[in-house]
Each structure stands twice: as structure tokens, then as C-alpha cells.
> 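Shown below is the structure under consideration.
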Amino acid sequence: MSYFPLMIDLDQKQVLIIGGQKTALRKAHQLKQFGADIHIISETICDQLRSYPYEIRSVKPSDICSRYDLIIAATNQREVNAWIAQMCKQERILVNVVDD
């Protein structure tokens with residue numbers, strides 16, 4: 001499968017990051033620089049991510065919704081990231097799976 005690098009205006013766009021450790025933190029800091037409105041869902045969360053709106057819980061299918069302009073799958077579990085990507089594709093939501 002070939003992938004096309006994409007530029008997107010993230011200013012005031014709703015972005016969901018699923019994951020709460022170093023990889024998610026790195027993505028959050030990058031996205032914040034471009035004006036994204038970031039929300040985080042994770043079963044555990046590092047202290048540095050607590051400055052963003054967050055929920056400590058497992059991701060649910062209902063979280064993958066058109067409310068978000070972009071969803072970042074940044075968990076430490078490849079199978080969870082793959083599930084998130086598949087759900088996003090079904091809902092036609094732009095998704096980025098980190099490190100994959």
C-alpha cells in the first residue's frame with residue numbers, strides 16, 4: 001500500500017489522541033503547535049499530558065465519531081491501534097497510527 005504525505009490545517013480542529021504515554025505526548029506537543037484542540041483518552045496517562053483535556057478509560061467504538069477532524073492512535077498496543085484505524089476508516093475519519 002502506498003501512502004501520500006498530507007498537509008492539513010489543524011487550527012481549531014478537534015483532534016482525539018488515544019494513548020497516554022511518551023508517543024502520545026510527542027504527538028500532542030506537535031499538534032498543539034498547529035492550533036489543534038486536543039482531547040486525550042487513555043487507560044493511563046503521563047503527568048505531562050494532564051495539561052490537556054483527558055479521560056482515563058478505555059477507548060469505545062462511540063469515541064470514533066465525526067466530532068473529531070483527526071484521530072491519532074498512539075497506544076503501545078499495535079492491535080488496538082489497528083482497531084482504531086479500522087474504525088476510523090469505516091467512519092471516514094482521518095487517522096494517523098503512530099510508528100506504523
Side-chain angles (χ1 to χ4, degrees):
M1 183 180 291
S2 298
Y3 292 95
F4 180 77
L6 180 68
M7 300 279 219
I8 183 172
D9 177 11
L10 292 174
D11 190 40
Q12 298 183 7
K13 297 292 191 293
Q14 299 298 310
V15 177
L16 174 62
I17 299 176
I18 303 169
Q21 300 306 313
K22 288 191 316 186
T23 305
L25 177 63
R26 186 174 66 243
K27 283 292 186 180
H29 286 331
Q30 290 171 337
L31 293 164
K32 188 72 170 172
Q33 292 177 35
F34 294 95
D37 185 10
I38 299 166
H39 184 83
I40 298 168
I41 294 174
S42 182
E43 292 177 354
T44 61
I45 191 165
C46 66
D47 288 338
Q48 298 95 324
L49 280 173
R50 293 178 186 269
S51 63
Y52 297 95
Y54 66 90
E55 295 178 60
I56 298 179
R57 61 176 176 81
S58 297
V59 63
K60 302 180 290 194
S62 61
D63 295 322
I64 312 299
C65 64
S66 62
R67 165 183 170 194
Y68 297 105
D69 299 295
L70 172 63
I71 294 178
I72 307 291
T75 75
N76 294 332
Q77 301 171 341
R78 285 186 150 213
E79 59 279 355
V80 173
N81 288 348
W83 175 80
I84 293 165
Q86 183 61 38
M87 293 291 295
C88 288
K89 287 176 188 176
Q90 288 176 5
E91 296 297 322
R92 298 182 182 216
I93 299 169
L94 192 59
V95 63
N96 172 251
V97 179
V98 297
D99 300 333
D100 205 1

> Nearest 0.5 Å, please: how far is SG in C88 from CG in L16?
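So the CG of L16 and the SG of C88 are separated by 8.0 Å.
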> How far does CD1 of I18 sit from NZ of K27, to the nearest 0.5 angstrom?
14.0 Å
> Between atom CE of M87 and atom CD1 of I84, what is the distance when rounded to the nearest 0.5 Å?
10.0 Å
> So, taking the atom named CD in E55 and the one named NE2 in H39, what distance separates them when rounded to the nearest 0.5 Å?
3.5 Å
> Would H29 and Y52 count as a side-chain contact (heavy atoms from CB on, under 4.5 Å) if you check the C-alpha gap in whole Å, the side-chain angles of each, and the deciding distance to 0.1 Å?
CA-CA 10 Å; H29 286 331; Y52 297 95; 3.1 Å; yes
> Testing the basics here: between A74 and I17, what is the closest heavy-atom pair and its distance to 0.1 Å?
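Shortest heavy-atom separation between A74 and I17 comes out as CB-CG2, 4.2 Å.
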> Taking atom CZ of R57 as the centre, does the number of heavy atoms from other residues, nucleotides or ligands within less than 6.0 Å exceed 12?
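Check passes, neighbour count above 12.
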> Evaluate whether atom CD of Q12 has more than 12 neighbouring non-hydrogen atoms of other residues, nucleotides or ligands under 6.0 angstrom away.
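12 or below, so no.
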> Nearest heavy-atom pair of I45 and Q21: which atoms, and what distance?
N-NE2, 3.8 Å
> Sequence neighbours excluded, which residues qualify as side-chain hydrogen bond (donor to acceptor under 3.5 Å, both in side chains) partners of K13?
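With neighbours one apart ignored, the set is empty.
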> Taking side chain to side chain contact (heavy atoms under 4.5 Å, CB included) as the test, write out the residues that go with A36, two or more places apart.
L10, V15, L31, I38
> V59 versus W83: any side-chain heavy-atom pair under 4.5 Å?
yes
> So do R50 and I56 actually touch side chain to side chain, heavy atoms under 4.5 Å?
yes
> How close do S58 and D63 get, heavy atom to heavy atom, and via which atoms?
O-OD2, 4.2 Å
> If you measure from CZ on R67 to CD1 on I93, what distance do you get to the nearest 0.5 Å?
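So the CZ of R67 and the CD1 of I93 are separated by 11.0 Å.
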> Short question: side chain of N81, backbone of T75 - any donor-acceptor pair under 3.5 Å?
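Side chain of N81 to backbone of T75: a pair is present.
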> Of all heavy-atom pairs between G20 and S42, which one has the smallest distance, and what is that distance?
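In this case the closest contact between G20 and S42 is N-OG, 3.1 Å.
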> What distance separates L70 CG from D37 CG, expressed to the nearest 0.5 Å?
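The distance works out to 12.0 Å.
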